[in-house]
Protein chains: 2
Amino acid sequence: MARRRQTVTIKHVAADAGVSLQTVSRVINNEPNVRPAMAERVREAITRLGYVPSLAAQRMGGSRSYLILALNDRDRTISDWRARQGTDWVDQMLLGGMLTCARHGYRLLLELVDTHSDRIERELAATIAALQPDGVILTPPHSDNPLIAELLDRHDIAFARIGAQGGGAGIALSMADEAGARRATEHLLALGHRRIGFVAGPEDYTTSAQRADGWRGAMREAGASCDGLLAVGNFDFPSGEAAAHALLGAAVPPSAILASSDQMALGVLAAARERGLSVPDDLSVVSFDDTPIARFAHPPLTAMEQPIAAVTARAVELIIAQLGGRARPAAPVVIAGELKVRASTAAPRV
Amino acid sequence: MARRRQTVTIKHVAADAGVSLQTVSRVINNEPNVRPAMAERVREAITRLGYVPSLAAQRMGGSRSYLILALNDRDRTISDWRARQGTDWVDQMLLGGMLTCARHGYRLLLELVDTHSDRIERELAATIAALQPDGVILTPPHSDNPLIAELLDRHDIAFARIGAQGGGAGIALSMADEAGARRATEHLLALGHRRIGFVAGPEDYTTSAQRADGWRGAMREAGASCDGLLAVGNFDFPSGEAAAHALLGAAVPPSAILASSDQMALGVLAAARERGLSVPDDLSVVSFDDTPIARFAHPPLTAMEQPIAAVTARAVELIIAQLGGRARPAAPVVIAGELKVRASTAAPRV
DNA sequence: GTGAAAGCGCTAACAC
DNA sequence: GTGTTAGCGCTTTCAC
């Protein structure tokens with residue numbers, strides 16, 4: 001493989017426009033101290049020659065890398081991909097992230113990192129050393145990992161924490177977990193439900209606790225008890241099924257269940273079927289996330305949407321703004337999803 | 001933002017190991033002419049210091065960029081993401097591509113490019129100039145675009161063409177479209193169907209013609225006629241629905257329909273429902289792709305799988321092998337998917 | 001086998 | 001405002 005050199009470099013442009021390298025560089029980077037006429041001449045040369053700066057060289061010169069990393073949990077991402085259940089978290093991140101990056105001349109690079117490993121710090125440090133990204137987007141459960149935050153901070157890399165509640169460095173962006181769970185619970189309360197079960201997510205996701213709080217808050221305000229109505233899963237189907245069986249097997253079973261993921265809600269649906277309960281007549285079910293599978297379920301699930309594309313887009317914008325010198329938002333940025341009401345919820349049987 | 005410099009560079013390693021820069025470079029790149037003992041000493045220093053070479057600097061020095069681009073059609077990809085129908089082509093590419101890249105020290109970068117644009121050449125040239133990838137993976141409909149192939153060839157960039165039939169530069173990888181369509185048709189013939197309709201994909205996808213050939217071949221061999229049994233769609237739901245109505249409205253309608261995408265098959269299902277036909281009793285339906293939606297359909301669709309993850313993994317391997325000096329395969333690499341038999345196919349009503 | 005020198009394409013710092 | 005100089009961290013010559 002031949003040594004691949006840049007076909008047209010800043011030198012060619014400078015020669016063609018009859019100016020110095022530096023002036024071309026200034027024009028490329030929209031820096032001041034270039035006379036309009038001169039800038040115009042340079043821009044013409046750039047267009048004529050079809051010049052595009054080399055990212056590697058820009059980076060070497062000591063400026064930006066124009067790279068933003070999206071860090072996702074390796075195991076969960078890969079198992080979602082393998083399962084082919086329509087989980088589109090990554091796709092929605094790319095939708096929001098790539099397009100926003102492109103608009104600003106940045107690239108988004110997806111990276112998978114081990115969560116539970118003590119290697120995580122070394123692994124991430126290596127990635128940073130190799131790629132030297134200008135920004136990093138953290139997704140749960142990394143968003144609340146203080147080791148990662150500290151590392152990024154030390155390297156002076158702008159970063160956003162999706163699904164984080166603030167506190168600590170970085171830009172916190174929340175998808176209104178507490179409010180969302182509250183909204184979902186209120187929807188069920190408004191239908192007339194009083195005994196509303198909640199299937200929480202695993203504890204290493206801080207959103208899990210937030211959602212539980214929302215459910216508890218709405219219940220409390222409605223004067224409904226939460227006793228014996230909380231179960232814990234790990235976001236997957238079997239754990240939802242098991243949790244539902246535990247809740248439905250109680251002396252006074254719930255008439256509705258709110259699950260912290262679509263997969264767990266499908267598990268709830270399965271458990272209901274096994275028990276001969278009809279949804280929504282005997283049991284109402286609400287899920288979180290609203291991945292495609294929620295619409296294809298039977299019945300289609302009422303679900304709290306997770307606005308991943310929107311929140312990722314915002315994360316990119318805030319990172320780039322910070323790189324441009326603007327201050328990061330003091331308070332967490334909240335982007336709420338909508339409750340998509342479908343056929344899995346109805347008034348309880350009298 | 002402070003000027004971000006490499007914390008530990010090749011210089012530090014060289015100093016620490018008491019050797020020259022060059023020796024460290026040789027060790028990093030597994031080059032000959034380093035005594036084992038020396039190499040060992042360097043490796044120790046690398047580990048001790050946690051050194052990781054900067055990709056940008058490696059690229060600048062004139063070597064690899066360790067970057068492979070996955071080029072996907074912008075419009076189709078974005079509309080799939082927006083539609084949230086569970087289409088997981090991108091995810092499967094990432095699954096196969098990222099993991100294989102990682103295993104070889106490469107990164108996969110997803111890029112969206114306009115298909116039908118005359119800007120495509122300039123757009124791609126700009127991306128290449130900016131990123132200087134070592135390899136590119138082309139997906140339909142780019143795989144058969146001679147302009148792209150020529151451009152890549154001129155830049156001496158290794159590239160793979162997924163879903164291509166060979167001919168021209170680059171590594172052709174086919175997902176056995178003709179054989180797949182043949183296999184699906186034979187499945188229906190074996191069930192006793194004789195009038196099997198086919199909903200083809202759009203013409204700018206060469207796979208469309210391949211699949212039609214497979215269907216025609218199987219029909220011919222079975223002595224079945226194809227007259228009035230071919231309709232054309234553009235892979236989406238409405239086009240599948242319209243095509244089905246056209247086929248089913250004929251004087252002698254088909255008892256089975258093979259559709260070139262899951263979405264079109266769902267359209268066929270909808271058309272059947274509108275006409276009061278029961279699937280599979282009145283009409284058998286087979287789809288192509290086997291995205292998650294095929295499993296969630298009613299009834300679940302018998303589908304020809306597209307082994308995207310496998311073919312992308314193979315593409316990455318072949319690109320990296322070629323970068324390593326090995327010759328590209330002379331003939332197209334064929335990776336066949338399986339026919340997933342589900343509840344949408346049965347023997348025709350007598 | 002190993003090292004010293006030059007240069008990749010760009011930007012920062014400083015001079016003019 | 002503009003040009004000049006000196007690197008960035010690495011690889012490629014080419015000596016030894």
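A, B, ... follow the sequence lines: proteins, then strands. Residue 1 opens every chain. Just so it is clear, the values below take in all heavy atoms, side chains as well, and ignore hydrogens, waters and symmetry mates.
- Within the structure, every pair that satisfies the salt bridge (Lys or Arg N to Asp or Glu O under 4.0 Å) test and touches residues 95-107 of chain A, not counting sequence neighbours, is listed here: A:Arg107-B:Glu111.
- Closest contact between the side chain of A:Asn33 and the listed nucleotides D:dG1, D:dC10, C:dT2 involves D:dG1.
- Remark: B:Ser174 engages B:Gln165, B:Val334 in a side chain to side chain contact (heavy atoms under 4.5 Å, CB included) (not counting sequence neighbours).
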Protein-nucleotides 3-5 of chain C N/O pairs closer than 3.5 Å?
from, atom 1, to, atom 2, distance (Å)
C:dG3, OP2, B:Ser20, N, 3.2
C:dG3, OP2, B:Ser20, OG, 3.0
C:dG3, OP2, B:Thr23, OG1, 2.5
C:dG3, N7, B:Arg26, NH1, 3.4
C:dG3, O6, B:Arg26, NH2, 2.8

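- Between A:Glu317 and A:Arg326 there is no salt bridge, since none of the side-chain N atoms of the basic residue sits less than 4.0 Å from a carboxylate O of the acidic one.
- Considering only side-chain N and O atoms, A:Tyr51 lies under 4.0 angstrom from the phosphate OP1 or OP2 of C:dC10.
- For A:Ile10, the listed nucleotide lying nearest its side chain is C:dC10; candidates were C:dC10, D:dC10, D:dT12.
- Among the protein residues, A:Pro32 comes within range of no part of the nucleic acid, since none of its heavy atoms lies under 4.0 Å from any strand.
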Read 5' to 3' with Watson-Crick or G-U pairs under 3.5 Å, [ ] for crossing pairs and | for partners on another strand, DNA chain D gives ||||||||||||||||

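- Residues passing the ring pair (Phe, Tyr, Trp, His ring centres under 6.0 Å) test with A:Tyr106, sequence neighbours excluded: A:Tyr66.
- Sorted by first then second residue, the salt bridge (Lys or Arg N to Asp or Glu O under 4.0 Å) pairs that include residues 23-38 of chain B, not counting sequence neighbours, number zero.
- When the nucleotides D:dT12, D:dG9, C:dG9 are ranked by their closest atom to the side chain of B:Ser25, D:dT12 comes out on top.
- A:Arg314 places no side-chain N or O within 3.5 Å of a backbone atom of A:Leu318 that could act as its donor or acceptor partner.
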